[in-house]
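Input: a single structure, listed below in C-alpha cells.
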Amino acid sequence: MSEAWETALAETEARDLDALNELLRIPSISALPEHDADVRSAADWMAAKLREAGVPEVELLPTGRNPIVFGSWHVDDAQPTAMIYGHYDVQPPDPLDLWVSPPFEPTVRDGKIYARGAADDKGNAFATINAIAALNAAQGGPKINVKFFFEGEEEIGSPSLPTFVHEQRERLACDFVISADGDMFGPDTPSLTLSSKGLAGCQINLRTADTDMHSGMYGAAMPNAVQHLVQLAATFHDADNRVAVEGFYDKIPELTIQERSDIAEVPFNEDAYRASVNAPALWGEKGYSPLERAWMRPTLDMNGIWGGFQGAGNKTVTPCEAHLKITCRLVPDQDPSEILDLIERHVQQHCPPSATVEVVRSPGSSHPFAVSKENPALQSAAEVLGDLFDRDPLYVRTGGTVPVAEIFQQELGSDMIFFAFGMPDSKVHAPNESLPVSAFKMARRAYCAYLNALVK
C-alpha cells in the first residue's frame, strides 16, 4: 500500500527536477571570491525553497564568511529532534575542457544529471527539502522535530563552523544529525557509514648549513640536507610497514570480531582496486586487509619531499636544507595534537647530529568520528534502507576526514547519521560530476520514510 507522501512526491517530481536544475545553474564556488555573489544567491535560493516547503522558521545566519541556511519545524517536545546537514557551495569546475557538457548547464545523459554539484551536494540536499514538502502535503508536516543546517563553506574546509556551532549550541540543539552529504556503496547496494578518520599534519624542515655548497669542495666533508632528510624519513615505518613513532598506537584498541566481519561482508576486489590506479602491488601494515587498513587503521603519509636542485639537467650542489610534508589519518581515541607531539619527539630523537630540524604544524587538524551500530537513529536508517532496497545495508567506513561530524559530536553531543545518495562513480570534485536521476528520486523517498520512522 502506497504512503500518502509517495503520491505527493509523484505529483511534484517533474517540478522538483526542474528546480534542481535551477539550483545547479548557480555557480556557487566558495573557493573563488569572484563567485561570492553566486554563493549568496544559492543560500537565498535554498532558504526560499525551505519556506515554500512549509518550514515555519527559516533564517540566513551570518558567519565569518558565508551564511548558514537554517530552518526549524518544531512539532512536539516529546518527539526527537533531527538536524539535517548539507551544503550549497561547490568545487571549481576546472579543467573545463574535460567536461562533455558545461558544468553549470545541467544535462541528462544515460539517466544521469551532469553538473557541478549534482551529487556534492545540491542533489542530495535539495532532496531533503522535497521530502519535507511532501510530508507537509501528505500529513501536515513531519511527525518529529526537524532542523535544517545548510552551509556554504564545506568545499573550503568549513572554516566558520567550529566557532559558529560553539556559539549557537542552544539554537542547534538536536538529538542527532542526518548528513545529506555523502553516498551509497552502489546504485542497488545501500550502506551506512560508521566512522571517518581524523587528520593531523606537519612540515619538517631540516637544515645543515646556512648556504648550499659546491659538491666538489664540500660534498665529502659537509652534511647533505637531502640525504639526512631521506634517512630521517626512513625511520617513520618499520619492516612491517607499521608507523614506528613511539606511542603512535597506544590508545587504539584492536579490531573486534564484529568490525572485521562487517568489513569482510563488503564486496571488494583487490586486483581491481590496484588496477584502478595501475599500481604494481598493494602496500600497507601487515596483518590487516586493504579495507581494514583504509578504514580502521591509522596512517602516516609522506605527501611531499624536496630540497636541493630541482631543475632540468645537473647542478653539482650539496644542499643545505630539505623539507618533508606529512599527514596522518587518525582513528578513534587518537588526538591530533598528541600525535603531532609524538612525531616532533621522534624527529628530534632521530635527527642526525650534523643537522637541525623543526616541525611546523599544519592548520586543519580534525578528530576522528565514529557512531555505534547500536545508535537508535542508525538502526532506524538501516530498517528504512532495507525496506526500500529489499536488502540489508552494508556497514562501511571511510578513510577520509569529515570534520563537521566531529564538530557536531563534540559541541552538541549529537552523532551524525550519513544518509545520502551519491554514487561511487559520481566523480565529485572532478569533471563530469553526475547524479543518477533514480538516486535523486530514491533520496526523496528515503527521507520521507526515514523521518516518519524516527517517531517515538
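The chain is numbered in sequence order, starting from 1.
- Val90 is listed as a side-chain neighbour of Phe104, based on a closest heavy-atom distance under 4.5 Å.
- Between Glu292 and the options Arg297, Arg397, Arg260, a salt bridge (charged side-chain N to carboxylate O under 4.0 Å, His left out) holds for only Arg260.
- Residues Met296 and Val331 have side chains not in contact (no heavy-atom distance under 4.5 Å, counting atoms from C-beta outward).
- By the 6.0 Å contact criterion, CD on Glu105 is enclosed, its count of non-hydrogen atoms from other residues, nucleotides or ligands being greater than 12.
- The shortest side-chain heavy-atom distance between Arg65 and Pro159 does not fall under the 4.5 Å cut-off.
- Arg116 has no carboxylate O lying under 4.0 Å from a charged side-chain N of Glu155, or vice versa, which leaves the two without a salt bridge.
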Does the side chain to side chain contact (heavy atoms under 4.5 Å, CB included) test come out yes or no for Val371 and Ile417, once each step is laid out? CA-CA 8 Å; Val371 59; Ile417 311 300; 4.2 Å; yes
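- Annotation: side chain of Phe150 is in contact with side chain of Ile129 (closest heavy-atom distance under 4.5 Å).
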Run Arg329 and Thr401 through side chain to side chain contact (heavy atoms under 4.5 Å, CB included) and show every step you take. CA-CA 8 Å; Arg329 299 286 181 169; Thr401 300; 2.7 Å; yes
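- Counting heavy atoms from C-beta outward, Val245 and Phe236 have side chains that approach closer than 4.5 Å.
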Derivation and outcome, side chain to side chain donor-acceptor pair (under 3.5 Å), residues Ser28 and Lys122: CA-CA 10 Å; Ser28 49; Lys122 290 178 176 178; 3.0 Å; yes
Which donor-acceptor pairs under 3.5 Å do side chains of residues 441-455 form with protein atoms, sequence neighbours excluded?
from, atom 1, to, atom 2, distance (Å)
Lys441, NZ, Glu13, OE2, 3.2
Arg444, NE, Asn130, OD1, 3.2
Arg444, NH2, Leu9, O, 3.2
Arg444, NH2, Thr12, OG1, 3.3
Arg444, NH2, Asp16, OD2, 2.7
Arg445, NE, Glu6, OE1, 3.3
Arg445, NE, Glu6, OE2, 3.4
Arg445, NH2, Glu6, OE2, 3.3
Tyr447, OH, Phe419, O, 2.8
Tyr450, OH, Ala377, O, 2.7
Asn452, OD1, Gln139, NE2, 2.9
Asn452, ND2, Gln139, OE1, 3.3

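- Sequence neighbours left out, the pairs with a member in residues 251-288 that pass ring-ring contact (aromatic ring centres under 6.0 Å, His included) are His237-Trp283, Phe268-Tyr273.
- A donor-acceptor pair shorter than 3.5 Å can be found between the side chains of Tyr85 and Glu151.
- Between the side chains of Gln203 and Lys325, a donor-acceptor pair is found at a separation under 3.5 Å.
- The side-chain heavy atoms of Leu60 and Val69, taken from C-beta on, include a pair separated by under 4.5 Å.
- Within a 6.0 Å radius of CG in Asn269, other residues, nucleotides and ligands contribute more than 12 heavy atoms.
- Contact check for Lys147 versus Leu172: no side-chain heavy atoms found under the 4.5 Å cut-off.
- Between Asp341 and Arg345, no side-chain nitrogen of the basic residue sits less than 4.0 Å from a carboxylate oxygen of the acidic one, so the salt-bridge criterion is not met.
- A salt bridge does not link Glu22 with Arg25: none of the charged nitrogens is closer than 4.0 Å to a carboxylate oxygen.
- Ring-plane geometry between Phe369 and Phe418 is classed as perpendicular, the angle between the planes exceeding 60 degrees on a 0 to 90 degree scale with a lower cut at 30.
- Listed by chain and number, the residues in a salt bridge (Lys or Arg N to Asp or Glu O under 4.0 Å) with Asp240 are Lys286 (sequence neighbours excluded).
- Between Phe408 and Cys174 the shortest side-chain heavy-atom distance does not fall below 4.5 Å.
- Ionic pairing of Asp425 and Lys112 is present here: one or more N-O contacts between side-chain nitrogen and carboxylate oxygen are shorter than 4.0 angstrom.
- Within the cation-pi definition used here (under 6.0 Å to the ring centroid, within 45° of the axis), Lys49 does not qualify as a partner of Phe126.
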